[in-house]
Amino acid sequence: MHVRPRLLIASAVLAVLPAALTACSGPPDRPAAPSRSATAPPSGSASPTPSPSATLTPSAPTDAPTPTAASASPAAPVKAPAAPPAPATRLSLTAGAPAGGLTLVRGGPAQEFTVTVRNGNAQVYGHLLIAFQMEPLTGEPGDLPGPDASFVLERRDPATGAWHAAELRIATDAKPAHLYTGGDPLARDAVRTERYRLRATATGPTGSSPLLVYAIDADAAEGTPADFEHPGHLSLPLTTRRIL
């Protein structure tokens, strides 16, 4: 067996191979690309170590409206307009009789009537009393002379129901209010009703003369205007006749 010719062929091939490699590698001034190492990476470095990821913090939108103090605080409540003050009112005085007036007969029974006081909101009275006055009757032919007090006035006590004598002034002049005494308190807007009765004695003059009724402020000082001295007044028709 001949071995030498194969060795010669192998030697010829090895001699030509470097030149061929040099021709394929390109010009000498351009470095060849580094060859990838076929050596496996060391144990534990096969997978690349992940780098920590950056955390994204959301930022507030720049065009969001900034709340103002006016929008943050609630609107102030609207106050209702105050009610106008009530108009001032004054005391009033009324009287009630069965036929709108009194008709008496000498020596006959008494007739009842009422007097009502309605106070206004302008004043409080400490002592308010009801006063009565009439002018003297001129008389008619055939009248018999009577006593000086030919009429008897009485007031009913609301607490006991008893009748007590009340003053009836018979004169042509007016009595000043500051000369009166007595009376009861009367609050604002208070109402008070009193019962009276009047009778004529058996003898005395006859005729017609109105019965004057006054509400007197007994606390009024001297010189007080008349409208404040007696804030209420009225006249009740009165006719007196004798028995035929």
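It should be emphasised that the depicted structure is a prediction, and the values quoted were computed from it without experimental measurement. Side-chain atoms are counted along with the backbone in the values below, which use heavy atoms only and exclude waters and symmetry mates. Throughout, numbering of the chain's residues begins at 1 and tracks the sequence.
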- For side chain to side chain contact (heavy atoms under 4.5 Å, CB included), just list the numbers for Asp157 and His164, CA-CA rounded to whole Å, side-chain angles, deciding distance to a tenth of an Å, and then say yes or no. CA-CA 7 Å; Asp157 187 343; His164 301 283; 3.8 Å; yes
Can you tell me how far apart [atom1] ([X]) and [atom2] ([Y]) are? Round to the nearest 0.5 Å.
{"X": "Asp219", "Y": "Tyr125", "atom1": "CG", "atom2": "OH", "result": "10.5 Å"}
{"X": "Leu186", "Y": "Leu128", "atom1": "CG", "atom2": "CG", "result": "5.5 Å"}
{"X": "Phe151", "Y": "Phe132", "atom1": "CZ", "atom2": "CZ", "result": "14.0 Å"}
{"X": "Leu93", "Y": "Asn119", "atom1": "CG", "atom2": "CG", "result": "11.5 Å"}
{"X": "Thr206", "Y": "Ile243", "atom1": "OG1", "atom2": "CD1", "result": "12.0 Å"}
{"X": "Asp148", "Y": "Ile170", "atom1": "CG", "atom2": "CD1", "result": "9.0 Å"}

- May I ask you to decide if Asp189's main-chain N or O and Asn121's side chain share a donor-acceptor pair within less than 3.5 Å? no
- NE2 of His233: more than 12 outside heavy atoms within 6.0 angstrom? no
- Leu212: hydrophobic cluster co-members (side-chain, 4.5 Å): Leu129, Tyr180, Tyr214, Ile216
Determine the minimum heavy-atom distance between [X] and [Y], stating which atoms define it.
{"X": "Gly139", "Y": "Pro205", "value": "CA-CB, 3.8 Å"}
{"X": "Gly182", "Y": "Ala218", "value": "O-CB, 3.5 Å"}
{"X": "Ala177", "Y": "Glu229", "value": "CB-CB, 3.4 Å"}
{"X": "Gln123", "Y": "Arg188", "value": "O-CG, 3.8 Å"}
{"X": "Thr203", "Y": "Ser150", "value": "O-CB, 4.1 Å"}
{"X": "Gly100", "Y": "Pro237", "value": "O-CD, 3.6 Å"}

Find out if a path of hydrophobic residues (ILVMFWY) with successive side-chain heavy-atom gaps under 4.5 Å connects [X] to [Y].
{"X": "Leu153", "Y": "Val117", "value": "yes"}
{"X": "Leu102", "Y": "Val105", "value": "no"}
{"X": "Phe113", "Y": "Trp163", "value": "no"}
{"X": "Val152", "Y": "Leu236", "value": "no"}

Below 4.5 Å, heavy atoms only, C-beta onward: do [X] and [Y] meet side chain to side chain?
{"X": "Arg199", "Y": "Gln111", "answer": "no"}
{"X": "Pro176", "Y": "Glu222", "answer": "no"}
{"X": "Thr94", "Y": "Val115", "answer": "no"}
{"X": "Leu238", "Y": "Leu104", "answer": "yes"}
{"X": "Asp184", "Y": "His127", "answer": "no"}

- Arg106 and Thr201: side-chain donor and acceptor closer than 3.5 Å? yes
- Those residues at least two apart in sequence (or on a different chain) that pass salt bridge (Lys or Arg N to Asp or Glu O under 4.0 Å) with Arg169 are Asp173
- Query: Who pairs with Glu154 by salt bridge (Lys or Arg N to Asp or Glu O under 4.0 Å), at least two apart in sequence or on another chain?
  - Reply: Arg197
- Item | Test: Glu194 and Arg155 ion pair at under 4.0 Å | yes
- Query: Please walk me through it: do Arg118 and Leu91 pass side chain to side chain contact (heavy atoms under 4.5 Å, CB included)?
  - Reply: CA-CA 6 Å; Arg118 291 179 174 84; Leu91 179 144; over 6 Å; no
- Assess whether side-chain hydrogen bond (donor to acceptor under 3.5 Å, both in side chains) is satisfied between Thr239 and Thr103, documenting all intermediate values. CA-CA 5 Å; Thr239 298; Thr103 302; 5.2 Å; no
